[in-house]
Amino acid sequence: QVQLVESGGGLVQAGGSLRLSCAASQPTFTASTVGWFRQAPGKEREFVASINWTGGRRYYADSVKGRFTISRDNANNTVYLQMINLKPDDTGVYFCAAPLQGTVVVRSGAWGQGTQVTVSS
């Protein structure tokens with residue numbers, strides 16, 4: 001099974017930016033729709049964004065539209081999440097996962113270990 005490793009999280013002030021990376025262990029990753037999810041303390045994990053294998057289809061949660069951009073570099077088996085104008089409500093652990101059907105990870109899909117994003121007010 002493909003292994004996913006996230007990086008790029010950290011502590012940032014409101015209004016700041018971060019770029020998260022999700023690196024995959026296998027080239028088969030490039031044929032998958034990949035998604036980013038997040039989980040805030042005391043809340044359920046929620047969908048953030050997804051991108052299909054060509055990069056031509058991207059979907060975003062309403063709460064991040066216009067501020068987050070998902071992209072991918074298939075040559076390097078990596079998916080990115082560029083986040084700008086961060087808000088305290090964006091705080092949480094961010095996970096990447098694949099493959100997705102719609103905004104849901106398939107039962108046999110893989111998850112990364114997560115990377116912490118903390119936005120201070």
Side-chain angles (χ1 to χ4, degrees):
Q1 187 181 36
V2 64
Q3 293 184 332
L4 305 176
V5 179
E6 303 96 334
S7 61
L11 172 63
V12 64
Q13 289 186 333
S17 302
L18 285 173
R19 189 176 80 154
L20 307 183
S21 299
C22 171
S25 61
Q26 298 179 11
T28 52
F29 176 80
T30 62
S32 302
T33 294
V34 180
W36 283 97
F37 297 78
R38 67 186 182 187
Q39 187 167 20
K43 295 186 177 181
E44 294 188 352
R45 192 175 300 185
E46 64 176 358
F47 170 81
V48 175
S50 66
I51 186 168
N52 76 329
W53 73 279
T54 65
R57 292 183 181 178
R58 311 180 193 197
Y59 296 100
Y60 299 93
D62 288 343
S63 58
V64 306
K65 282 181 181 177
R67 300 186 298 120
F68 290 12
T69 302
I70 190 170
S71 62
R72 69 189 300 161
D73 177 357
N74 286 340
N76 291 298
N77 298 333
T78 303
V79 171
Y80 303 98
L81 186 69
Q82 178 68 50
M83 308 184 293
I84 66 171
N85 192 19
L86 283 161
K87 305 176 181 180
D89 284 349
D90 294 320
T91 294
V93 179
Y94 283 68
F95 302 87
C96 65
L100 272 66
Q101 287 186 346
T103 61
V104 177
V105 180
V106 303
R107 182 175 295 182
S108 59
W111 291 84
Q113 84 289 349
T115 185
Q116 176 71 45
V117 171
T118 304
V119 184
S120 63
S121 57

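Each residue takes its place number in the sequence, starting with 1.
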- Candidate pair Met83 and Val64, rule side chain to side chain contact (heavy atoms under 4.5 Å, CB included), full reasoning: CA-CA 9 Å; Met83 308 184 293; Val64 306; over 6 Å; no
- Task: Please assess Trp36 against Val79 for the test side chain to side chain contact (heavy atoms under 4.5 Å, CB included), listing each intermediate value before the final yes or no.
- Result: CA-CA 9 Å; Trp36 283 97; Val79 171; 3.7 Å; yes
- Message: Assess the residue pair Leu100 and Val34 against the criterion (side chain to side chain contact (heavy atoms under 4.5 Å, CB included)); give the C-alpha distance rounded to whole Å, side-chain angles, the decisive distance to 0.1 Å, and a yes or no.
- Response: CA-CA 6 Å; Leu100 272 66; Val34 180; 5.8 Å; no
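Counting heavy atoms of neighbouring residues, nucleotides and ligands inside a 6.0 Å radius, atom CH2 of Trp53 does not exceed 12 of them. By the neighbour-count criterion of 12 heavy atoms within 6.0 Å, atom CD of Gln3 is sparsely surrounded, having that number or fewer from other residues, nucleotides or ligands.
Under the salt bridge (Lys or Arg N to Asp or Glu O under 4.0 Å) criterion, the residue pairs touching residues 72-96 are Arg38-Asp90, Arg67-Asp90, with sequence neighbours excluded. Pairs passing the side-chain hydrogen bond (donor to acceptor under 3.5 Å, both in side chains) check and including a residue from residues 9-23, sequence neighbours excluded, do not occur. Each salt bridge (Lys or Arg N to Asp or Glu O under 4.0 Å) pair with one or both residues in residues 109-120, not counting sequence neighbours, would appear here, but there are none.
Once rounded to the nearest 0.5 Å, the distance linking OG1 of Thr103 with OH of Tyr60 reads 15.0 Å. Between atom CD of residue Gln39 and atom OH of residue Tyr94 there is a gap of 12.0 Å, rounded to the nearest 0.5 Å.
The hydrophobic cluster containing Phe68 does not contain Phe47, counting ILVMFWY residues as joined when their side-chain heavy atoms lie under 4.5 angstrom apart, directly or transitively. Cluster membership for Val105 and Val48, using ILVMFWY side-chain heavy atoms within less than 4.5 angstrom, is not shared.
In terms of the salt bridge (Lys or Arg N to Asp or Glu O under 4.0 Å) criterion, Arg45 has no residue partners (sequence neighbours excluded). Under the rule for a side-chain contact (heavy atoms from CB on, under 4.5 Å), the partners of Ala23 that lie at least two apart in sequence or sit in another chain are Thr78.
Two rings, from Trp111 and Phe37, have their centers less than 6.0 Å apart.
Asn85 places no side-chain N or O within 3.5 Å of a backbone atom of Gly15 that could act as its donor or acceptor partner.
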Enumerate donor-acceptor pairs with a distance under 3.5 Å from any side-chain N or O in residues 4-11 to protein atoms, sequence neighbours excluded.
| from | atom 1 | to | atom 2 | distance (Å) |
| --- | --- | --- | --- | --- |
| Glu6 | OE1 | Gln113 | N | 3.0 |
| Glu6 | OE1 | Gly114 | N | 2.9 |
| Glu6 | OE2 | Cys96 | N | 2.8 |
| Glu6 | OE2 | Gly114 | N | 3.3 |

